[in-house]
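First the structure, in the form of structure tokens, and then the observations on it.
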Amino acid sequence: MEVSPLHNRCIWSSPVRSSSSHRPLLVSLSARKSKSPGLVPSFRSTRRRNLCSASSSETLIGSRKEDGKHSQVVSKKEEEEDLKSWMHKNGLPPCKVVLKEKPSHNEKHRPIHYVAASEDLQVGDVAFSVPDSLVVTLKRVLGNETIAELLTTNKLSELACLALYLMYEKKQGKNSFWYPYIRELDRQRGRGQLAVESPLLWSEAELAYLTGSPTKAEVHERAEGIKREYNELDTVWFMAGSLFQQYPYDSPTEAFPFEIFKQAFVAVQSCVVHLQKVSLAQRFALVPLGPPLLAYRSNCKAMLTATDGAVQLVVDRPYKAGESICVWCGPQPNSKLLINYGFVDEDNSYDRLVVEASLNTEDPQYQDKRMVAQRNGKLSVQAFQVNVGKEKETVFDMLPYLRLGYVSDPSEMQSVISSQGPICPVSPCMERAVLDQLADYFRTRLAGYPTTLSEDESLLADANLNPKKRVATQLIRLEKKMLHVCLKVAVDLINQLPDHTVSPCPAPYAPSLK
């Protein structure tokens, strides 16, 4: 039942218990001894050789030889030995998919591949089942599940370890078992099915397409996180003694410049699969025939699942032969889809924005307000999730928190503390001040975008719009729609106030919104 705004004009005070969480213990490891001098060439010569080679075709997605007039000449034998043929040769059982290709937005780049149904499929059909021998996980890479778990509970993510492994394998060229798979990743260039790279690889000029969106700051934060992981790469080198014995190269930060590692990291990020009901060392996997060859959809229920000795895909919908096959991308908002996979889903029911509210620490009653907020399941700095389609519910959830911040009279604060139920009604001037602040906040966020919704619509109608600008415009358009709904809710509540002549209460310690 929908709650009337007049009956909802309260400050909560009834206690709500929250469960505690447990943090894992951090385990420190002593570094392993360096390799014997015979295994690694001298520091100076190897560093120079590796930095030069890593800046060209030795990188995971850094090669530019395929671009324009420098297009790489692929032998007939290599064309015949495609990814799927290589997989069948190495244990992939007969399956119901085929690799097809679509043109890239950039004519200088080769077409990208995608997985399509090779025959008509029905709900529940197994499209393919990739044996574990063709799946890359940390357990397989490190050869030791304990080491894998310790590494990923310390300073390095699974993505960093997997990227590093593929970078070293890339240096082996055709001698690497994974050469056909790495070659396919090179072809995809870290692009999803919309053929757009993650904003992590965009220029600053291209990131300007995201002006006004919090995603722009998220991109910079993620890039800084990748840089921190790069600085810790040598930890893998020293801790995982068995992993690198076969590679006659220097430690990671000597062998690979940061920009090359970032490109490899983004490529792995675009195709890694999060498996369920497996050990920590197997939860992140690189599955040939998986993403980005599979299209991600927010409304799809099909997932790559670990079975006995394989990773398989059971389709959740019928497909005609030749149709692209999709999988679920998890409950991710569009900002994460763009950063991780380079696309935006217009029908994403998991899309959301964050509004951060915080109590004023200069407020003499800050500690009392903090206590009241905590016993109602809120923090002194509280992130409110604005979920698409549920904007009104979020605004109503924010109101008691904001009203609490506006309480200034000590006797009123004591009533809030001692009461066993919501304190109603709130004074008209306080309610007006709260709603005015909320409405002004949403107006300010909308004003931070350089374009309006109608201008976004006009841009998206242009068939020749730059692909990166297109996905960025799709994202900010969906963000604006949510903000406009929130603004309308706040304005409607203001219009429902019984007396519009009441001025907002002065609020020297009003809560902040950002």
Side-chain angles (χ1 to χ4, degrees), residues 59-62 138 151-167 185 188-233 235-236 252-253 256-274 283-286 291-292 296 298 329-345 348 350-356 383 385 448 467-469 471-476 478-479 514:
T59 67
L60 195 57
I61 66 165
L138 284 192
L151 277 172
T152 55
T153 53
N154 203 340
K155 293 182 179 179
L156 283 166
S157 69
E158 291 91 338
L159 298 187
C161 296
L162 293 172
L164 180 60
Y165 174 71
L166 290 185
M167 289 167 74
L185 293 181
Q188 298 297 121
R189 303 173 61 85
R191 299 168 295 175
Q193 289 301 294
L194 293 182
V196 176
E197 296 171 331
S198 163
L200 288 165
L201 299 179
W202 292 9
S203 67
E204 282 299 319
E206 291 166 336
L207 284 176
Y209 301 151
L210 295 170
T211 297
S213 170
T215 306
K216 186 176 180 180
E218 290 179 34
V219 171
H220 285 124
E221 289 171 8
R222 182 79 68 88
E224 290 171 3
I226 296 173
K227 178 65 174 179
R228 288 193 295 271
E229 294 212 62
Y230 174 77
N231 293 333
E232 294 292 338
L233 282 182
T235 302
V236 184
T253 54
F256 305 104
F258 169 66
E259 284 302 318
I260 300 308
F261 171 72
K262 184 169 79 167
Q263 292 175 5
F265 187 98
V266 172
V268 168
Q269 173 183 269
S270 71
C271 58
V272 74
V273 174
H274 192 178
R283 63 177 181 172
F284 285 95
L286 301 176
Y296 271 136
S298 299
C329 52
Q332 301 184 64
N334 277 321
S335 58
K336 294 292 188 294
L337 295 182
L338 180 58
I339 294 173
N340 293 337
Y341 314 115
F343 81 100
V344 169
D345 189 343
N348 186 1
Y350 301 99
D351 203 14
R352 62 182 179 270
L353 291 172
V354 175
V355 176
E356 185 182 282
Q385 304 287 338
K468 292 177 182 177
K469 190 171 181 62
V471 293
T473 303
Q474 288 175 323
L475 177 75
I476 63 176
L478 293 171
E479 289 177 351
K514 69 175 186 178

Practice task
Decide yes or no for Lys336 and Pro333: does some side-chain heavy atom of the first lie under 4.5 Å from some side-chain heavy atom of the second?
Solution key: yes
Handout entry: Student check: side-chain heavy atoms of Val273 and Leu286 closer than 4.5 Å
Key = no
Fill in the blank from the handout: So SG of Cys161 and CD of Glu229: to nearest 0.5 Å the spacing works out to 8.0 Å
Problem - More than 12 heavy atoms of other groups within 6.0 Å of Lys514 NZ - result: no
Practice task
Could you give me the CA-CA distance, side-chain angles and deciding distance for Ile260 and Met167, then say whether side-chain contact (heavy atoms from CB on, under 4.5 Å) is met?
Solution key: CA-CA 9 Å; Ile260 300 308; Met167 289 167 74; 4.1 Å; yes
Fill in the blank from the handout: Heavy-atom closest pair (Leu478 atom, Asp345 atom, distance to 0.1 Å) is CD1-O, 4.1 Å
Practice task
Walk me through it: do Phe261 and Ile226 pass the test side-chain contact (heavy atoms from CB on, under 4.5 Å)?
Solution key: CA-CA 9 Å; Phe261 171 72; Ile226 296 173; 3.8 Å; yes
Problem - Donor-acceptor contact present, side-chain Ser198 to main-chain Ile339, <3.5 Å - result: yes
Practice task
Please tell me if the side chains of Pro214 and Val354 come closer than 4.5 Å, counting only heavy atoms from C-beta onward.
Solution key: no
Practice task
Determine yes or no for a side-chain-to-main-chain donor-acceptor pair under 3.5 angstrom, with Glu479 supplying the side chain and Leu353 the backbone.
Solution key: no
Practice task
Answer yes or no: is there a side-chain heavy-atom contact under 4.5 Å between Leu337 and Cys329?
Solution key: yes
Practice task
Specify whether Trp202 and Tyr209 have parallel, tilted or perpendicular ring planes, treating 30° as the upper limit for parallel and 60° as the lower limit for perpendicular.
Solution key: perpendicular
Handout entry: Shortest non-hydrogen contact from Tyr296 toward Pro291
Key = OH-CG, 3.3 Å
Problem - Atom of Ala208, atom of Lys216 and distance for their closest heavy-atom approach - result: CA-NZ, 4.2 Å
Practice task
May I ask you to check if Lys262 and Tyr230 form a cation-pi contact, with NZ or CZ under 6.0 angstrom from the six-membered ring centre and within 45° of the axis?
Solution key: no
Practice task
Apply side-chain contact (heavy atoms from CB on, under 4.5 Å) to Gln269 and Arg222, showing your working.
Solution key: CA-CA 12 Å; Gln269 173 183 269; Arg222 182 79 68 88; 2.7 Å; yes
Problem - Nearest atoms (heavy-atom pairs only) where Leu207 meets Pro199 - result: CD2-O, 3.7 Å
Problem - Test log, rule side-chain contact (heavy atoms from CB on, under 4.5 Å), inputs Leu162 and Leu138 - result: CA-CA 7 Å; Leu162 293 172; Leu138 284 192; 3.9 Å; yes
Problem - Under 3.5 Å: donor-acceptor pair, side chain of Asn348, backbone of Gln332 - result: yes
Fill in the blank from the handout: For Phe258 and Ala223, the nearest pair of non-hydrogen atoms, with its separation, is CZ-O, 4.2 Å
Problem - Close side-chain approach of Leu200 to Val219, heavy-atom, < 4.5 Å - result: yes
